[in-house]
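Working notes for the structure below.
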Amino acid sequence: MAGSPESFRGAAVVGHHGRDAEPEDRAESGGGRRRDLPRAADSAAHRGPDRDVAPRRGASGGRGGWQRRGGDVVGGGGGGGGDAPILYGQRWVQLAYLSTLALLSDWVCFSVAATPGTWDAIFHHKAETLIDVFLFTNVIFCFLEPAIVARLGLRNVVVGAGFLMTAGCALRSGLEFENFWPYSAMPTYTQEVLGTVLVGAAQPFFQCTPTLLSATWFGKDERAVATSIAINANQIGIATSFIVGGVMAQTETGMNGYFSLITFLSFAVSIGAVVQFQEAPPTPPSSSAANKVEVAAADRKPFPVIAWKLLQTKGFLQPLIAFVVSIGISNAVSAFIGETLMRSGVESVETIDLTGAGFQLAIMFGSIFLGGYVDKSKKYKGVTIALIAITAGLLLPIGAGASLDNSIVLASIIALGLVVGPIQPINCELAVEVAYPEDENAIVALQQVCGNLFSALLVPVLATAGTMTLGPMQGDYALLEVMAVAGLVYFATFDAPLKRLEMDSAAEKSADEKTA
């Protein structure tokens, strides 16, 4: 990144041009009284151009830890007078924990997608019913999540949600504190549903916070990639459910051991988060993040009020629709991939499991690659239009799989993952751009509410449509095709300024002029 905004001031740090910024030790508070401000992390001092340092433990309790003196951000410093903002190595630790917890949560959601027959034989309930329970719970807590995060902070809610998820996993596996070992048989169906509700309640705190994490920790040319990794980490969880679940969950005792494994992994990651997951870096990573300090402090509104304002913001509805179309299609393909492939003549369970895993991995790889491209080019609209158009094209051979060669269907499913998955993180970032300086967390929460509610309603509709045909197309994929085309037509009307990018670009230009 080129220079930094003048508002980044604080402790002595070596910036882009190797100059030390002078510390600001005191600031004015209300009524003319003065109060002490924390000094910057000593580890940030004298580090040179890579600026890849870890903040001291306990530094800054959230964005509230970045304090203002007049128009300047203080309380840790990001390099003043032309120095570049500091990017801390801890940001990758933050991303790793949030992504792993998201992975585990969707692993639970789709845990029996690879073995629905085993589940049905044990409980005499359809596996997709459990997915619907999870998604409806998720929607409810997406409404509550922004207010909880605003009140408790990112670290507290992520760590707390990790243990809530662990409790849900323990219920699903039949583990008890007095006998913390896998049972030989599954617990009751009521316990399974209750455990799923707890995990569904925890997931929004991993699922709605990626843009908040990327804006708080990552530079302006890293945000789309960071958001892509965190938002689509859950796809790796679904892929894991196909691979591990397909191997372990073929019998009741095997499924019990499988669920117990997920419980132990969730517990271990939650303990790690207690030790290592932090609230915020000592200094803002960009001028737009620094500017949000003042806005966030002065503009605390209930989520429904924020949501209504967002829906009225120019350019917000197009990325919202793109997000909903993407999550609806990817969740539908994930939930019904077994039925889809069997209709196409694929009978091998191993092939079905590997294809399901391949679809999820393709979503992640496509998101990282295209997220990196969008970070550099900022071509949100052009990339999204291309991705939705290709998605619509790939749905055709999958839906007409009964009359095509298996290899075409299998290749189309993997290719679909590469293009449909990146639409979500790219349009999360696009929504944040057009709605700046609104709360990133509330923006993604609204997208997740709409996306998951739509998915939950769509699952039973697709289950019925799948029994019908429309020419060579199966009814479920014909419906998905209509969704994709309608979403493409509407998204093409997008025409709104990228406000956050304009803020960062103006600050960089100003800093470059001062250092010229």
Side-chain angles (χ1 to χ4, degrees), residues 102 104-113 116 119-120 123 125-146 161 164-165 168 172 189-190 192-208 231-232 234-235 237-238 241 303-304 307 311 320-340 356 359-360 363 395 420-421 423-424 427-428 444-467 475-484 486-487:
L104 288 166
S105 67
D106 249 22
W107 184 359
V108 172
C109 179
F110 289 88
S111 54
V112 295
W119 177 267
D120 189 30
F123 295 110
H125 289 275
K126 296 294 183 183
E128 56 262 32
T129 302
L130 209 62
I131 296 176
D132 258 359
V133 168
F134 186 99
L135 292 176
F136 278 117
T137 306
N138 180 289
V139 167
I140 293 170
F141 278 84
C142 280
F143 273 108
L144 303 175
E145 185 266 354
L164 180 64
M165 179 170 67
R172 284 165 49 92
Y189 186 70
T190 300
E192 293 292 338
V193 172
L194 180 57
T196 300
V197 166
L198 293 181
V199 181
Q203 191 187 56
F205 300 100
F206 320 133
Q207 190 180 55
C208 299
I231 277 191
N232 282 321
N234 62 335
Q235 309 300 148
I238 301 173
S241 75
F303 177 62
L311 292 173
L320 174 62
I321 294 300
F323 183 94
V324 169
V325 168
S326 172
I327 198 171
I329 292 173
S330 59
N331 280 346
V333 173
S334 300
F336 296 107
I337 196 166
E339 291 89 335
T340 299
F359 175 70
Q360 308 303 331
I363 288 176
L395 289 171
V420 75
I423 296 171
Q424 292 175 53
N427 281 275
C428 282
V444 180
L446 178 58
Q447 290 184 319
Q448 293 288 1
V449 165
C450 296
N452 285 322
L453 179 59
F454 181 73
S455 294
L457 297 173
L458 186 63
V459 166
V461 174
L462 290 175
T464 301
T467 63
D476 50 357
Y477 275 84
L479 181 56
L480 294 177
E481 181 70 23
V482 171
M483 282 171 42

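The model shown is predicted, which means the values in this text are computed figures rather than measured ones.
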Enter the distance from [X]:[atom1] to [Y]:[atom2] here, rounded to the nearest 0.5 Å.
X      : Y      : atom1 : atom2 : answer
Leu395 : Leu480 : CG    : CG    : 6.0 Å
Leu458 : Met483 : CG    : CE    : 5.5 Å
Phe141 : Gln448 : CZ    : CD    : 15.5 Å
Met165 : Ser105 : CE    : OG    : 6.0 Å

Does the side chain of [Y] come within less than 4.5 Å of [X]'s, by heavy atoms?
X      : Y      : answer
Ser241 : Gln360 : no
Glu339 : Asp476 : no
Cys208 : Pro146 : no
Leu135 : Ile131 : yes

Under the side-chain hydrogen bond (donor to acceptor under 3.5 Å, both in side chains) test, residues paired with [X] that sit two or more places apart:
X      : value
Asn234 : Asp106
Gln447 : none
Trp107 : Tyr258
Glu192 : none

Practice prompt. Using side chain to side chain contact (heavy atoms under 4.5 Å, CB included) as the criterion, point out the one residue from Val333, Val482, Leu462 that pairs with Tyr477.
Written response: Val333
Discussion item. Would you say that more than 12 heavy atoms from the other residues, nucleotides or ligands in this model lie under 6.0 Å from the CZ of Phe136, or not?
Written reply: yes
Worksheet item: Got a donor-acceptor contact below 3.5 angstrom from the Asp120 side chain to the Pro116 backbone?
Response: no
Discussion item. Determine whether a donor-acceptor pair (N or O, by modelled atom type, separation under 3.5 Å) exists between the side chain of Thr196 and the backbone of Leu130.
Written reply: no
Over all heavy atoms of both residues, which pair between [X] and [Y] is shortest? Give the atoms and the distance, please.
X      : Y      : value
Val197 : Val133 : CG2-CG1, 3.9 Å
Ala201 : Leu164 : CB-CD2, 4.1 Å
Phe134 : Gln203 : CE2-OE1, 3.2 Å
Phe303 : Cys142 : CE2-O, 4.3 Å
Ala161 : Phe205 : CB-CB, 3.7 Å
Ser330 : Ile363 : CB-CD1, 4.2 Å

Worksheet item: Should the ring pair His125 and Tyr189 be called parallel, tilted or perpendicular, given that the plane angle runs from 0 to 90° and is split at 30 and 60?
Response: parallel
Worksheet entry | Inter- and intrachain pairs under side-chain hydrogen bond (donor to acceptor under 3.5 Å, both in side chains), touching residues 455-466, at least two apart | Asn331-Ser455
Quiz: residues 320-327 side-chain donor-acceptor pairs under 3.5 angstrom, not counting sequence neighbours:
residue : atom : partner : partner atom : Å
Ser326  : OG   : Val420  : O            : 2.6
Ser326  : OG   : Gln424  : NE2          : 3.3

